[in-house]
Number of protein chains: 2
Amino acid sequence: MPGTVQSIERAAAILRMLAGGPGRLGLGEIARSLDLAKGTVHGILRTLQHVGFVEQDRVSGHYQLGAALLHLGTSYLDINDLRSRSINWADPLAARSGEAVRIGTVLQGRVLVVHHVFRPDDTFQTLDIGALLPLHATALGKVLLAYRAARPGASLDRFTHRTVVGARELAADLDRVREAGWATDIEEYTVGEAAVAAPIRGYGGLVVGAIGISGLVERICDNRYRPHPRLVGYVRDAARAVSRDLGAARH
Amino acid sequence: MPGTVQSIERAAAILRMLAGGPGRLGLGEIARSLDLAKGTVHGILRTLQHVGFVEQDRVSGHYQLGAALLHLGTSYLDINDLRSRSINWADPLAARSGEAVRIGTVLQGRVLVVHHVFRPDDTFQTLDIGALLPLHATALGKVLLAYRAARPGASLDRFTHRTVVGARELAADLDRVREAGWATDIEEYTVGEAAVAAPIRGYGGLVVGAIGISGLVERICDNRYRPHPRLVGYVRDAARAVSRDLGAARH
DNA sequence: GAACGCCGTTCGGCATTGTCGAACACCGAC
DNA sequence: GTCGGTGTTCGACAATGCCGAACGGCGTTC
């Protein structure tokens with residue numbers, strides 16, 4: 001890619017690597033993975049540390065993500081049009097459906113969760129905002145796949161015995177999504193969980209995100225393993241409402 | 001600062017600027033603020049866009065923060081020791097005190113909120129995680145100021161008529177904090193709100209963060225405008241519990 | 001309607017800048 | 001003691017990314 005600043009791309013690659021791995025990473029490990037000299041990586045890491053994007057563990061010397069990123073990440077949430085427009089509609093959807101609501105958009109071949117409303121009951125739930133989900137195994141992801149040029153990654157990871165991993169099978173699934181205007185995921189990502197999602201369209205009718213509900217299969221689906229039409233209606237209504245907001249937002 | 005990568009520092013400065021301003025920023029505006037050539041800034045922005053750290057509005061051409069930062073930010077939360085150790089203690093504190101609980105640490109002269117438990121009642125509240133609060137006008141901030149070398153910024157912003165803006169006055173306040181082992185903020189940041197906080201100590205007794213509760217003055221304080229001793233006790237207990245966890249966490 | 005100011009973008013030349021690789025100091029384990 | 005593993009420093013080279021001027025659109029202004 002011409003006209004791009006090399007050191008910044010490398011810094012971003014390091015940050016992505018730190019975000020991927022489950023914790024601290026050593027300098028040598030990073031240098032080896034990116035095929036760079038240790039000295040080079042050290043210089044970049046020192047700079048990233050200086051600006052607060054990474055921190056170094058005093059005892060092991062290993063590096064991890066830094067606190068400044070948290071503020072940048074939440075600042076992104078404040079600006080995001082998709083999120084701000086959907087907040088008003090996500091709460092009613094959760095209330096009417098009785099399920100958790102999530103809103104996602106595409107990031108680097110995965111679904112980025114930009115908003116999350118907990119299921120109305122009082123069960124313990126963890127906040128999914130900022131999480132990355134697979135495109136091919138979630139209802140949100142299938143919607144985004146179906147309406148965007150983005151193709152799924154070459155290898156379709158299997159998460160459960162129901163995950164669609166065949167390219168041909170997935171393509172047929174996506175055709176159905178385009179035809180119906182909504183997508184499902186029934187125990188394809190997590191056993192016992194199902195989800196329904198519909199596309200959110202922005203300026204010019206382009207699909208910019210997806211909104212959906214998720215919960216236990218027995219609540220989402222009827223005895224024929226199909227989602228309740230009532231729930232599908234709620235989700236589609238919410239998606240349309242957000243789309244209208246988003247289209248009107250553009251002057 | 002020698003041995004630091006110039007372009008990365010500049011990229012970070014741009015990101016910080018985008019996070020500070022309330023939305024999109026123009027290229028010229030950024031270039032002027034940072035005293036750089038427009039071409040230079042453009043190259044950096046193009047790279048940041050390429051890695052997903054910034055996005056560009058098609059119609060105005062202006063730049064804003066990108067989605068990739070959200071995932072990096074939440075990944076930081078997953079790693080953060082202070083946060084993960086305090087989660088177990090924050091919920092009981094909220095339940096016992098009946099108030100919202102927040103945990104903060106120092107970032108660039110301000111308090112970064114790394115964890116937030118809502119007040120147990122069902123009133124509408126917004127998640128503060130990732131927010132940056134002033135050091136001198138919040139209970140969390142005063143604790144961090146009192147026990148860390150970090151000095152407050154040169155100018156102490158005034159938020160309410162009770163905000164402590166005199167350097168001398170603040171120093172006396174911090175002395176009291178060190179002596180008592182906890183800090184308060186009574187309508188110094190937001191009118192009608194008060195807070196109590198205590199220090200969290202990590203490996204070697206160093207103060208690495210603060211935990212505190214906040215809510216309406218009439219609930220936090222008695223009729224003499226002093227926080228209820230019962231609540232102070234709860235906060236200090238929680239702070240000690242987290243500190244113990246954190247100290248034990250180091251192998 | 002033409003001239004102006006502003007926007008983001010492109011491009012080529014110069015030298016500043018960041019890269020590299022080897023050498024260093026440290027730690028723990030075999 | 002030695003070896004393999006950290007993270008770190010340093011100096012030399014040239015590749016790299018900076019700068020500034022020029023470009024093409026837009027909207028406003030006169």
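Proteins get letters first, then strands, A, B, ... in listed order; numbering begins at 1 in each. Everything quoted here is computed from the prediction, not taken from an experiment.
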Task: Donor-acceptor contact below 3.5 Å, side chain B:S33 vs main chain B:I30 - done: no

Open item on the list: Looking at A:V5, is its backbone amide N or carbonyl O close enough to the side chain of B:T47 to form a donor-acceptor pair, meaning the two atoms are under 3.5 Å apart?
Closed with: yes

Task: A:L48 CG - C:dG18 P separation (whole Å) - done: 13 Å

Task: Gap between atoms CD and P, on B:Q6 and C:dG18 respectively (whole Å) - done: 5 Å

Open item on the list: Under a 3.5 Å threshold, yes or no: a donor from one side chain and an acceptor from the other, between B:E9 and A:H50?
Closed with: yes

Just the atom pairs and distances: protein N or O near nucleotides 5-9 of chain C's N or O, under 3.5 Å.
residue: C:dG8; atom: OP1; partner: B:L27; partner atom: N; Å: 2.5
residue: C:dG8; atom: OP2; partner: B:L27; partner atom: N; Å: 3.4
residue: C:dG8; atom: OP2; partner: B:G28; partner atom: N; Å: 2.9
residue: C:dG8; atom: O3'; partner: B:Q56; partner atom: NE2; Å: 3.4
residue: C:dG8; atom: N7; partner: B:K38; partner atom: NZ; Å: 3.3
residue: C:dG8; atom: O6; partner: B:K38; partner atom: NZ; Å: 3.2
residue: C:dT9; atom: OP1; partner: B:Q56; partner atom: OE1; Å: 3.4
residue: C:dT9; atom: OP1; partner: B:Q56; partner atom: NE2; Å: 3.1
residue: C:dT9; atom: OP2; partner: B:H42; partner atom: ND1; Å: 3.0
residue: C:dT9; atom: OP2; partner: B:Y63; partner atom: OH; Å: 2.4

All side-chain hydrogen bond (donor to acceptor under 3.5 Å, both in side chains) counterparts of [X], not counting sequence neighbours:
X	value
A:D157	none
A:D91	none
B:W182	none

Task: Distance between P atoms of D:dC13 and C:dC14 (Å, rounded) - done: 22 Å

Open item on the list: Between B:T190 and B:T160, does the side-chain contact (heavy atoms from CB on, under 4.5 Å) criterion hold? Intermediate values first, please.
Closed with: CA-CA 7 Å; B:T190 309; B:T160 74; 5.6 Å; no

- [ ] Quick one: which residue pairs count as a salt bridge (Lys or Arg N to Asp or Glu O under 4.0 Å) with a foot in residues 101-113 of chain A, not counting sequence neighbours?
- [x] A:R102-A:D128

Task: Along DNA chain D, first and last positions that approach a heavy atom of chain A under 4.0 Å - done: D:dT6 to D:dG17

Task: Phosphate-side-chain proximity, A:S7 and C:dG18, N/O vs OP1/OP2 below 4.0 Å - done: no

